[in-house]
Amino acid sequence: MRDIASACSGMILIGEVADAPVIMGISKPAGLKSPCGEVKIMNPLFVGIDVSSRNNVAYLMKPDGSKYSSFSVQNNLGGAKLLSERIVSALGSMQLSDVVIGLEATSIYGDSLVYALREDGRLGQFQRKIHVLNPKQVRKFKEAYPDLPKNDWVDAFVIADHLRFGRIAREVYMDDYRYKALQTLTRARFEVIQNLTREKQRFANYLFLKCSGMAQDKDIANSSSTTIALMERFETVDDLANSDLEELTAFVTETGRGRFADPAATAKAVRAAAKGSYRLPKTVNDTVNQAMSVSIASMRALKEQVKVLDKAIEQQFEIIPNTLTSIPGIGKVYSAGIIAEIGDIHRFDSQASVAKFAGLVWHKNQSGEFEAEHSRMIKSGNRYLRYYLLEAANSVRRCDSEFRRYYDLKFKEVNKYQHKRALALTARKLVRLVFRLLKDNRLYIPPES
């Protein structure tokens, strides 16, 4: 073995080492000791996995970047056990103690594999890290290899090589399955809310066809319980326009459940809107009624699903300690949605890293002395966490004087996208509060009015 020359200035000159692996033509020592202190370099096995619904293609890469093996296993429990056996065998044959495993985020197809690898006792004796990578991140890395074809084997290699180069933000957080259980419920609620929003828009379209005046009236919510009840009771717009005002007022009072300060005025507005609406041919009107009834049934079913999920979320959330519910306007559901995505707050170094994880950061456009006045929010980030932070911010700004003042200030700063921009900035402010409360495990004390 040749000598290793070192300088205490921090630069280490490495000569040829007999047992050193070679990386990109440069010898990388498995470990060395210099007069400045002991330097330990870890040499892990890198495992890239391309996941699909039926099969998982694995590429095992040596620490020097060369291929150890590649193979395909079924995406089931037996395949996961075989994959684990191959990884353990490779670690043993190369006398390695560390393994870094990576796979792309592919909907739900990789979740069970991650569980199996984390719970496998044979892998547990080694130092292991598991990364679930953003597909965009992998795709951008692959662009450095312009001549590579597109297939599962190549994708597994690219993932393994990406792991070898490092600069991976953090490994997948699954140390506490309570967060994952809660996340399953909060994400299911998110999807139901998205479906409900789309169904409300579909109903609004039918409403314009049947009674265009009501759809145009901003004082009457398109998907309110009163509007739905009116569309169910009156077959045609003429029936509504010619209805008795006293009976219509009583109907609005009953269906509105005290929401209208002046039910008689609302009834007059509804009847006036009906009189000014387009008239449909009877055949078309009948089909619109049929389509509208299906849309109404869908909205009611989705609202019931939200209630069921909210109850389940509250029950699951009781076993997770938190302090976010001390913030005015944030109940158990919004708190659960935020905490389910963040997990253990201590895995984040700062509130800025939480904001970046949620996608609540903006692109910078600066060159020399020029700096753009307008910048767009990044498109990456955890969309579930961003949704719950935005919803929570919208609720908090109504209940807390400090957040209300901040929202109003940001709202008045611009003339375009006022609410959208002010709400996003308020959510960014909320991130700072959430991070500090969870980090210090303390309750929120509202500012004095």
Side-chain angles (χ1 to χ4, degrees), residues 185-314 331 333-334 337 387-388 390-391 394-395:
L185 295 172
T186 54
R187 289 190 175 187
R189 185 186 185 277
F190 169 86
E191 299 297 342
V192 173
I193 291 296
Q194 299 305 301
N195 291 335
L196 180 58
T197 301
R198 285 189 289 268
E199 196 60 57
K200 286 182 177 181
Q201 182 57 52
R202 189 176 294 113
F203 175 81
N205 294 338
Y206 295 138
L207 178 63
F208 186 89
L209 288 174
K210 182 175 180 178
C211 188
S212 58
M214 285 190 64
Q216 294 168 337
D217 193 335
K218 295 182 179 180
D219 295 330
I220 305 172
N222 286 347
S223 58
S224 67
S225 57
T226 300
T227 301
I228 292 174
L230 287 169
M231 293 302 102
E232 287 183 309
R233 175 166 180 174
F234 297 97
E235 289 288 331
T236 66
V237 69
D238 284 327
D239 294 339
L240 179 57
N242 299 323
S243 61
D244 182 76
L245 185 58
E246 291 185 1
E247 293 181 1
L248 185 60
T249 300
F251 185 80
V252 168
T253 302
E254 179 183 356
T255 56
R257 297 178 182 179
R259 295 187 182 94
F260 299 107
D262 190 349
T266 302
K268 288 181 180 179
V270 167
R271 199 167 67 168
K275 289 180 178 179
S277 298
Y278 288 106
R279 265 54 175 175
L280 293 176
K282 185 178 185 308
T283 303
V284 177
N285 185 79
D286 291 344
T287 57
V288 169
N289 282 337
Q290 291 173 339
M292 186 176 280
S293 66
V294 172
S295 182
I296 292 172
S298 297
M299 285 191 293
R300 287 173 175 165
L302 290 169
K303 289 177 181 179
E304 288 300 318
Q305 292 177 26
V306 172
K307 291 180 181 179
V308 172
L309 287 170
D310 284 351
K311 184 176 180 180
I313 288 171
E314 291 183 6
V333 172
Y334 289 162
Y387 164 79
Y388 279 107
L390 288 170
E391 290 294 312
N394 198 33
S395 180

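Count residues from 1 along the sequence.
Within the model, atoms CD1 of I193 and OH of Y388 stand 7.5 Å from one another, a figure rounded to the nearest 0.5 Å. Atoms CG and OG, on L230 and S225 in that order, are 9.5 Å from each other to the nearest 0.5 Å. Interatomic distance, T249 OG1 to E246 CD, rounded to the nearest 0.5 Å: 7.5 Å. Within the model, atoms CD of Q194 and CZ of R189 stand 10.5 Å from one another, a figure rounded to the nearest 0.5 Å. To the nearest 0.5 Å, atom NZ of residue K282 and atom OG1 of residue T236 are 9.5 Å apart. One distance of note links CE of M292 with CG of L209; it measures 7.5 Å at 0.5 Å rounding.
Ring planes of F208 and Y278: tilted class, angle from 30 to 60°.
No side-chain donor-acceptor contact under 3.5 Å links R233 to the backbone of M231. Distance alone, capped at 3.5 Å, places no donor-acceptor pair between the N285 side chain and the R279 backbone. In this structure a side-chain-to-backbone donor-acceptor pair under 3.5 Å is missing from S395 to E391. Judged by distance alone, the side chain of S243 and the main-chain N or O of L240 form a donor-acceptor pair under 3.5 Å. Proximity of a side-chain donor or acceptor of S277 to a complementary backbone N or O of G213 within less than 3.5 Å is detected. Using modelled atom types, one side-chain atom of N289 and one backbone atom of E235 make a donor-acceptor pair closer than 3.5 Å.
Closest approach of T253 to P263, counting heavy atoms only: OG1-CB, 3.2 Å. The minimum heavy-atom distance between C211 and V237, with the atom names listed, is SG-CG2, 3.9 Å. In plain terms, the two heavy atoms of I228 and F203 that are nearest each other are CG1-CZ, 3.9 Å. The minimum heavy-atom distance linking T255 with A229 is given by the pair CG2-CB, 3.7 Å. When all heavy atoms of D244 and R271 are compared, the closest pair comes out as C-NH1, 4.4 Å.
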Let me see the working for T186 and Y387 under side-chain contact (heavy atoms from CB on, under 4.5 Å), right down to the final yes or no.
CA-CA 11 Å; T186 54; Y387 164 79; over 6 Å; no
For E232 and R300, what are the C-alpha separation, side-chain angles and deciding distance, and is it a salt bridge (Lys or Arg N to Asp or Glu O under 4.0 Å)?
CA-CA 13 Å; E232 287 183 309; R300 287 173 175 165; 2.9 Å; yes
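Two residues are said to be in side-chain contact when any heavy atoms from C-beta on lie closer than 4.5 Å; N195 and R198 meet this criterion.
For the 3.5 Å distance criterion, the side chains of T283 and D286 fail to qualify, holding no donor opposite an acceptor. At a cut-off of 3.5 Å, with distance as the only test, no side-chain donor of N222 or K200 sits close to an acceptor on the other residue.
Contact check on R202 versus E199 returns a salt bridge, with a Lys/Arg side-chain nitrogen under 4.0 Å from an Asp/Glu carboxylate oxygen.
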